[in-house]
Amino acid sequence: VTPNNPETSIDLGGNVIDTHCHIASPDFLPLSFIDGILSNMTLALASQGIRANPSKIRDLYLAKLQDPQCDELVAEMDAAGVAKAVLLAPDFTYALKDSRLTIDEILSHHRKVLARHPDRFLVFGGVDPRWGKDGIDLFERSVRDFGFHGMKVYPPCGFHASDPRLFPYYEICARWHIPVVLHIGGTCPALAFDTASPVLLDTAARTFPGVNFILAHGSVSYVEECAMMCAFRPNVYLDVSGFQTAESAQLEQLFRRGFRHKVLFGTDWPLFRLQGRQEDCLSKLRMESGPLAGLRQHELRSFMGGTAARLLAERAQPETATANSLASAQPV
Amino acid sequence: MNPKLDAILERLLREVMPRSALRLTLTDSMMLHNELGIDSLGLLSLAFRIEEEFQVNLSDYAERLASLQTLGEMRRLIQELEGQP
């Protein structure tokens, strides 16, 4: 229990970038994915003696996932002081056959949201590598024509991060100087967990030293392995999305590991809307006694958006990409 | 104030609040999540307890229940369910 007292809160500055958000709609999260998540909640409620009807749990959960144009999300970001957010579009359509839309349609919708809120979002598109050449072409189009800024890879769908079928995608990321976000750790019970370890990224990270890889939920799942990868692989970063579900001490310990410059702020919003508002989530971080208390000012700025801005600003047309460098990158 | 309503409210909350929050003096402005320590599972638990207490269909109130932020909002919802002004 952490009462929000604005008198003792840390100023996070005006350039906060939430590096891990999604569009809130069952159009992009198959019901089998949602029901899998909720099955664990049903079990937990049963342990309290509550016989919860699963369809009613779903009604409650979906009540907060009806924002396909992201208008509500923008309002939440305004209230929370978040300047920009990265919308991640994982491809569940190959692994979960009850997906409402094709991956082409999903990425096209993200393009429309980007056009609707051009100054607030950046999009990382995902394509399951088992879609073959069509998938590679779609991904390249999403970067070249849609203006997407990165790739989202979801290994629990049934492939690991160094699967050679992903290499053509990483080659595109290398040419465009755009980062790759990988889901790490457990997820919906309908999917595999054994492909979601961060160490499985190592071959790809070594093969593509020019591509920056971001381990999503790195402060929550496989924390030791994520820390090892970030500490020793120059092109591996992590985001802390989902930190709301773990103890603050876990985040504090991560910041003591010597790679504060590689830790990115993220919330996994709006999937945690049943836990309150996005600004509540940030207020926990802001507390003087919270996990950010030990950071220096420049480290705080890096964590809240500076590092993300630098990674995102590297994006460049393939013809000119080689002329860019970290030093010349401008914040987005 | 309605003593009966207050008693129901306190009983429901006590079931879903962490023990460390039980010593707090409850006020309507308190945030369910940040101040009373009610997480997403706690909110679901609260919703099903309200359904049972007031014999209503939870799905009819899904948006309201999922959007509860403060103790005052919860009190107003319960007042409505009890048919009080």
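Worth knowing before you read on, the calculation uses all heavy atoms, side chains too, and leaves out hydrogens, waters and symmetry mates.
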Q: Indicate yes or no: at least one non-hydrogen side-chain atom of L274(A) is less than 4.5 angstrom from one of H33(B).
A: no

Q: With sequence neighbours left out, write down each residue that passes side chain to side chain donor-acceptor pair (under 3.5 Å) with H117(A), or none if nothing qualifies.
A: D71(A)

Q: To the nearest 0.5 Å, tell me how far Q275(A) CD sits from N34(B) CG.
A: 10.0 Å

Q: Using atom types as modelled and distance alone, determine if a side-chain donor or acceptor of D59(A) lies under 3.5 Å from a backbone N or O of A62(B).
A: no

Q: Does any heavy atom of chain A fall under 4.5 Å from the side chain of R64(B), the backbone, both, or neither of them?
A: neither

Q: Pick whichever of M30(B), E51(B), M17(B), E15(B) has the most heavy-atom pairs under 4.5 Å with chain A.
A: E51(B)

Q: For D67(A), does the CG atom have more than 12 heavy-atom neighbours from other residues, nucleotides or ligands under 6.0 Å away?
A: yes

Q: Once you round to the nearest 0.5 Å, how far does CZ of R58(A) lie from OG of S59(B)?
A: 11.0 Å

Q: As an exercise: rank G42(B), S67(B), A47(B) by heavy-atom pairs under 4.5 Å with chain A and give me the winner.
A: S67(B)

Q: May I ask you to list the residues in residues 31-50 of chain A that approach chain B closer than 4.5 angstrom, counting heavy atoms only, ordered by number?
A: M41(A), A44(A), L45(A), Q48(A), I50(A)

Q: Are any of the side-chain heavy atoms of E63(B) and Q66(A) separated by less than 4.5 Å?
A: no

Q: Less than 4.5 Å to any heavy atom of chain A: does that hold for the side chain of L44(B), its backbone, both, or neither?
A: both

Q: Once you round to the nearest 0.5 Å, how far does CZ of F48(B) lie from CG of N53(A)?
A: 6.5 Å

Q: Is the CD atom of E52(B) crowded by more than 12 outside heavy atoms at less than 6.0 Å?
A: no

Q: How far apart are the closest heavy atoms of Q69(B) and G276(A), and which atoms are they?
A: OE1-CA, 3.9 Å

Q: Show your reasoning for whether side chain to side chain contact (heavy atoms under 4.5 Å, CB included) applies to Q244(A) and D39(B).
A: CA-CA 10 Å; Q244(A) 310 93 312; D39(B) 58 10; over 6 Å; no

